[in-house]
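If you read the sequence from its start, that first residue is 1, and numbering goes on from there. Every number for a ligand or one of its atoms is a count from 1 in the order of the listing. Model, not experiment: these values are computed from the prediction. Just so you know, these numbers use all the heavy atoms, side chains as well, and skip hydrogens, waters and symmetry mates.
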Amino acid sequence: MEFGRGIILIYFDNAATSFPKPEVVYDKMDKFMRNKGANPGRAGHQLANAASREIFAVRELIADFFNIEDSAEVVFALNTTDALNLGIRGILTKGDHVIISSMEHNSVIRPLKHLEREGLIEISVVDCDYETGELLIADIESSIKDNTELIITTHASNVTGTLMPIKEIGQLANKKDINFMVDVAQTAGVYEIDVQKLNIDLMAFPGHKGLLGPQGVGGLYINKKLSLKSLRQGGTGSNSEAIYQPETIPDRYESGTPNGPGIVGLGAGINYILDKGIDNLRKHELELTEYLLEELIKIPEVKIYGPQDIDKQAAVISINIGREAASEVGFILDRAFNIGVRTGLHCSPLAHQTLGTDEQGTVRISPGIFNTKDDCEELLTAIRGIAKEVQG
Ligand SMILES: Cc1ncc(COP(=O)(O)O)c(C=O)c1O
């Protein structure tokens, strides 16, 4: 695919940011900026109201999409990391205990580690399988203590794609009266997620990955039974007479001018998914993933990490070629073959410790909805070629 400034690249880095976006996303953002780009909720004039209505419509759309009871439980954020920080720092107080899996992203690990260093909380990390990255529910259960306030897991690992048993964890958390937070960075827009059926209390999602929106927008679902500390205080466009942050949701958690173009772009991405059918889009990604796995397994120098089973993983594959540094393989794929993948530790150091790849890193291949079988063929040809060199 040819991108601006003559960059021709086969893009296999959709786990970082999906690219390109459906045309409707670009169109919607452009039209919003040109026709309704006023400050939403900050004035009573027609343009401000029109912008507010567009943003409200997306809040409602997101609520429907994830079966969230009340759209006021949807809080817009900058990205998954921002949403995770609000959820983690907003809910935890001194003396709390938190359980996470060893496959979490730094966006979960770092805010927790900072709170731990301040002497505020304790963390238990449940080890996942060293080959597949899978999590055993019994290990979560045995880590629960009297002061466990929160269980956090990713829905799918961004390193191996491994799907976590969030249904079972949600049931356990519900039974034990512990809050359950899910990081759906790799699955929102790809897998059906019903926060009520899954007993999810907090859910952080990006706009820029599977939901097909632009960068700079994401969100946090906060079950309204929870009252979190706000992390940012400031203008909300509501209760302007009050010198303290309003208590009402979502205003309590959303200060400052929102990312209007980003939010409507996200709405267009979700509408595209609804139009095409989430199951059809996922089927396409998983068919490509399955094909890549089948062919990669045949290359003796290639080591694949993760379940190697599309019923157990999202469209994310991590590999290494012999002992070659992952960064070197990524460099060759980019410069010699015009193929874009991600290499290194993928912001998930504990996941790499789990898999034993903390030195070498991995080469991550993440197909998206616009990749084709031909893209896969080109990638496989390139990998076979690199594998031969490594052997020689
Ligand atoms: C599992 C997981 N969590 C969190 C993040 C952080 O997402 P964002 O870049 O939207 O902050 C990512 C991004 O790759 C991820 O894959």
side-chain contact (heavy atoms from CB on, under 4.5 Å) with Phe180: of Asn223, Val195, Ile169, only one passes, and it is Ile169
Contacts for ligand 1, heavy atom under 4.0 Å, by chain and number, are Ala15, Asn79, Thr80, Thr81, His105, Ser107, Thr154, Asn158, Asp183, Ala185, Gln186, Pro206, His208, Lys209
Any chance you could lay out the ring pair (Phe, Tyr, Trp, His ring centres under 6.0 Å) test for Phe205 and Tyr221, step after step, and finish with the verdict?
-> CA-CA 8 Å; Phe205 58 91; Tyr221 156 67; 9.3 Å; no
Path from Met103 to Val316 over hydrophobic side-chain contacts below 4.5 Å: no
Sorted by chain and residue number, the salt bridge (charged side-chain N to carboxylate O under 4.0 Å, His left out) partners of Asp201 (sequence neighbours excluded) come out as Lys225
The test is salt bridge (charged side-chain N to carboxylate O under 4.0 Å, His left out); show your working for Asp30 and Arg34 and say whether it passes.
CA-CA 6 Å; Asp30 183 65; Arg34 288 176 197 284; 3.0 Å; yes
Only residue of Thr357, Thr162, Asn320 satisfying side-chain hydrogen bond (donor to acceptor under 3.5 Å, both in side chains) with Tyr305 is Asn320
